[in-house]
Structure formats: structure tokens, C-alpha cells
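Letters A, B, ... mirror the listed sequences (proteins, then strands); counts begin at 1. As a basis for the values below, the full set of heavy atoms in this structure was taken, side chains included, without hydrogen atoms, waters or symmetry mates.
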Number of protein chains: 2
Amino acid sequence: MPRQSEPPHDAEILQGTLDMLILKICALQPIHGYGIVQRLQQISRDALHIRQGSLYPALYRLEGKGWLKAEWHTTEGGREAKYYRLTPAGRKQLEQEKAGWNRLCEAIALVLDAAE
Amino acid sequence: MPRQSEPPHDAEILQGTLDMLILKICALQPIHGYGIVQRLQQISRDALHIRQGSLYPALYRLEGKGWLKAEWHTTEGGREAKYYRLTPAGRKQLEQEKAGWNRLCEAIALVLDAAE
DNA sequence: CCGAGATACCTTGACATCCTAGGCATTCTG
DNA sequence: CAGAATGCCTAGGATGTCAAGGTATCTCGG
């Protein structure tokens, strides 16, 4: 039987912010993919939600760039899960992305606040 | 001779913010495409830059949705140019996009500020 | 007066990223 | 025991942005 798919959700992740968010969540503590989705939702008070279809390719991408490192461990529930941890390079990348994000926010604020 | 193409620029516009920025610029006063690029650059203090290859499809899209209305006028330089003006529907859309942007910023701030 | 650069419009094709929609296997719960 | 929750993954399509080009007019320095 087809599994119940995720309900439609209008809270799109802005293109380009996904990597930063994942890196940040992983920076808090090693965590597995499924947990990232929940943690993000919890921290952002349900404002942000990553789809699994976006998450796993992103994790694969981030691991390929050397920003995350994965290890299989057993969850509290006694199940095998892939735990992702931030590498030093990942930490550096996260800092850069945060800086870029802040610059962007300031720039956009300038525009949005501009009066004729 | 091939025209000098725009220099590579690392200030990417975050996907999804382009429409909002264009709407806002047009809200200040009717303006033509080429002017939008300059105005945005000026207001954002060179932090944001729209490529022409992104701009014109976006303008076409926004006009199609009824958020912008275009009229041909003569510029100060005595040249024909297409002036874009925000429609009432566009103003509403702009408000919505601003609200969404603020929500997103707050949510991301929550995540980025989260301590283990 | 002529060539370069600025102004002004536009299109095409490539590419990355995200979403929809699925699939599979295990464990917990009613 | 059935179904929900937990956990992993993939394929395909839609969308938006960028790089790179094309056309034409106007202005200004040499």
C-alpha cells in the first residue's frame, strides 16, 4: 500500500537557504535525516519545513562537498539511522553562508524600506 | 562586434526574491527595465544586481499576472522605453510578498540563533 | 566624423534546486 | 494485526536564474 505522502505545505524553503539551514541543524548536534526535518520544524515554530525529496539530495550534496560527514548509528528506538555531523570545512561554510544571508537581508531591507 | 557582456557577479539574487524586488522598485515610480537594474543597484548600495537575462522574463511574467502594467514613453534621453507601473493587484501582491519575507526572516533567525 | 561606450530592448539554452509522488523496511501502538 | 510513525531513498517535472548572445539608437571624445 502506498504510504501516506506528506501533506501539501505552502511554506516553501527559499532557494539557497536549504543548505544553510541543514548545516546549522547539524551543527547543534549529530542528527539523522528524519530528525533534521522535525528539529527544523520545532525550532522554527512550524514556519519551515523541509520535504524529504529535498532533504536527501541536499544531504548527499553537502556530504559530497565535505561539509557533512555521515555515520550509521542506532537510534533510541533501536533502529539504524545515518547521523550527520558538521565537519570543520562545514563550519566554515556555515559561517560564510550566514554572513551572506545577513548581507542579503540588509540589502533587501534597504530596498523594501526605500521611499520614493 | 559582440557587445561587452555583463561582468560576472557573485551577488546572486535569491530565488523568489526577484519578483518582490522588482515590484518594489516599480512601486516607487514608473520605470523602464534598464532603469530597474540601476535603481536597485543604487538603493541597495551595490549589494544587489539583476541580470538582464533574469529581468526581462520576470517583467514579462509579472505583467502577465497583472501585477505590472507597461506603457511606451520617451525617456529623458529621447529614446523609446517601456515604463512599468504597479497595478493595484501588484500592490497587494507586494504586501503579501513582504509579509512572507518577514516571516521567513524571523523563522531563519530563530534557527540561526538556536543554541544547542 | 567615427568609433567606443552607454542606453534600451529582447531571446535562447544550460543548469541548479526544489517539489510531487512515489517505493521499501522496520518498529511502535491501539 | 492493521495502521501510523520512523527511517532510508529515487525519478521526473516545474521553475527560476544565469551566461551569452543579438539589435538599435544616442552621446561624446579624439
Side-chain angles (χ1 to χ4, degrees), chain A residues 1-22 30-42 48-65 70-84 97 104, chain B residues 1-22 30-42 48-65 70-84 97 104:
Chain A
M1 274 305 104
R3 195 258 306 238
Q4 192 77 344
S5 66
E6 298 179 75
H9 207 268
D10 52 355
E12 355 66 71
I13 294 286
L14 215 54
Q15 196 122 358
T17 60
L18 183 61
D19 290 5
M20 179 175 68
L21 291 172
I22 293 178
I31 188 170
H32 54 77
Y34 196 84
I36 292 177
V37 175
Q38 299 176 347
R39 197 94 161 81
L40 179 66
Q41 226 167 335
Q42 168 214 328
L48 301 174
H49 181 69
I50 305 180
R51 316 306 178 96
Q52 296 196 5
S54 312
L55 173 71
Y56 290 107
L59 285 174
Y60 184 79
R61 187 171 63 236
L62 295 174
E63 195 183 358
K65 296 204 179 185
E71 275 170 11
W72 286 93
H73 286 300
T74 308
T75 67
E76 304 168 4
R79 190 180 309 216
E80 286 301 291
K82 214 165 165 183
Y83 281 78
Y84 290 90
E97 297 210 13
L104 181 73
Chain B
M1 270 309 103
R3 195 259 310 229
Q4 191 77 344
S5 66
E6 298 179 76
H9 206 266
D10 52 355
E12 354 68 70
I13 294 285
L14 215 53
Q15 196 123 356
T17 59
L18 182 62
D19 291 4
M20 180 176 66
L21 291 172
I22 292 179
I31 188 171
H32 54 77
Y34 196 84
I36 292 176
V37 175
Q38 299 175 346
R39 197 94 162 82
L40 179 65
Q41 226 167 335
Q42 168 214 329
L48 301 174
H49 181 70
I50 305 180
R51 315 309 177 95
Q52 296 197 3
S54 312
L55 173 70
Y56 290 108
L59 285 175
Y60 183 80
R61 187 171 63 236
L62 295 174
E63 195 183 359
K65 296 206 177 184
E71 276 168 11
W72 286 94
H73 286 300
T74 308
T75 66
E76 304 169 5
R79 191 179 308 216
E80 286 301 291
K82 214 166 167 184
Y83 280 78
Y84 290 90
E97 295 211 14
L104 182 72

* **5' precedence on DNA chain C between A/Glu76 and A/Leu18 (nearest-nucleotide basis)** => A/Leu18
Spacing between [X] atom [atom1] and [N] atom [atom2], to the nearest angstrom:
X       : N      : atom1 : atom2 : value
A/Tyr83 : D/dG7  : OH    : P     : 7 Å
B/Ile13 : C/dC15 : CD1   : C1'   : 18 Å
B/Leu59 : D/dG16 : CG    : P     : 14 Å
B/Glu80 : D/dC26 : CD    : C1'   : 13 Å
A/Leu55 : D/dC8  : CG    : P     : 8 Å
A/Glu71 : D/dG7  : CD    : C1'   : 18 Å
B/Gln38 : C/dA6  : CD    : P     : 11 Å
B/Arg61 : D/dA14 : CZ    : C1'   : 13 Å

Of the nucleotides [options], which one has an atom closest to the side chain of [X]?
X       : options               : result
B/Ala81 : C/dT7, D/dC9, C/dC9   : C/dC9
B/Gln15 : D/dA24, D/dG16, D/dC9 : D/dG16
B/Tyr34 : C/dC9, D/dC8, D/dT10  : C/dC9
B/Arg79 : D/dC8, D/dT10, C/dA6  : C/dA6
B/His32 : C/dC9, D/dG16, D/dT6  : C/dC9

Non-hydrogen side-chain atoms of [X] and [Y] separated by less than 4.5 Å:
X       : Y       : answer
A/Leu48 : A/Thr17 : no
B/Glu80 : B/Thr74 : yes
B/Leu59 : B/Glu63 : no
B/Leu21 : B/Ile36 : no

[X] vs [N]: side-chain N/O to OP1/OP2 distance below 4.0 Å:
X       : N      : value
A/Gln52 : C/dG23 : no
B/Ser54 : D/dG16 : no
A/Arg51 : C/dC18 : no
A/Tyr56 : D/dC9  : no

* Structure fact -> To the nearest 10 degrees, the angle between the two end axes of the helix from C/dC1-D/dG30 to C/dG30-D/dC1 (five pairs per end) comes to 20°
* B/Leu14 versus A/Gly16, closest heavy-atom pair with distance -> CD1-CA, 4.3 Å
* Asked: Which pair of non-hydrogen atoms, one from B/Thr75 and one from B/Ala81, has the smallest distance, and what is that distance?
  -> CG2-CB, 3.4 Å
* Which part of the nucleic acid, if any, lies within reach of A/Gly35 when heavy atoms closer than 4.0 Å are counted: base, sugar-phosphate only, or nothing? -> nothing
* Asked: Does the pair B/Leu18 and B/Ser54 meet the rule for a side chain to side chain contact (heavy atoms under 4.5 Å, CB included), with working shown?
  -> CA-CA 9 Å; B/Leu18 182 62; B/Ser54 312; 4.2 Å; yes
* Would you mind telling me which residue lines up with the more 5' stretch of DNA chain D, A/Trp72 or B/Leu14, judged by nearest nucleotide? => A/Trp72
* Structure fact -> Contacts of A/Tyr83 meeting ring pair (Phe, Tyr, Trp, His ring centres under 6.0 Å) (sequence neighbours excluded), chain-then-number -> A/His32, A/His73
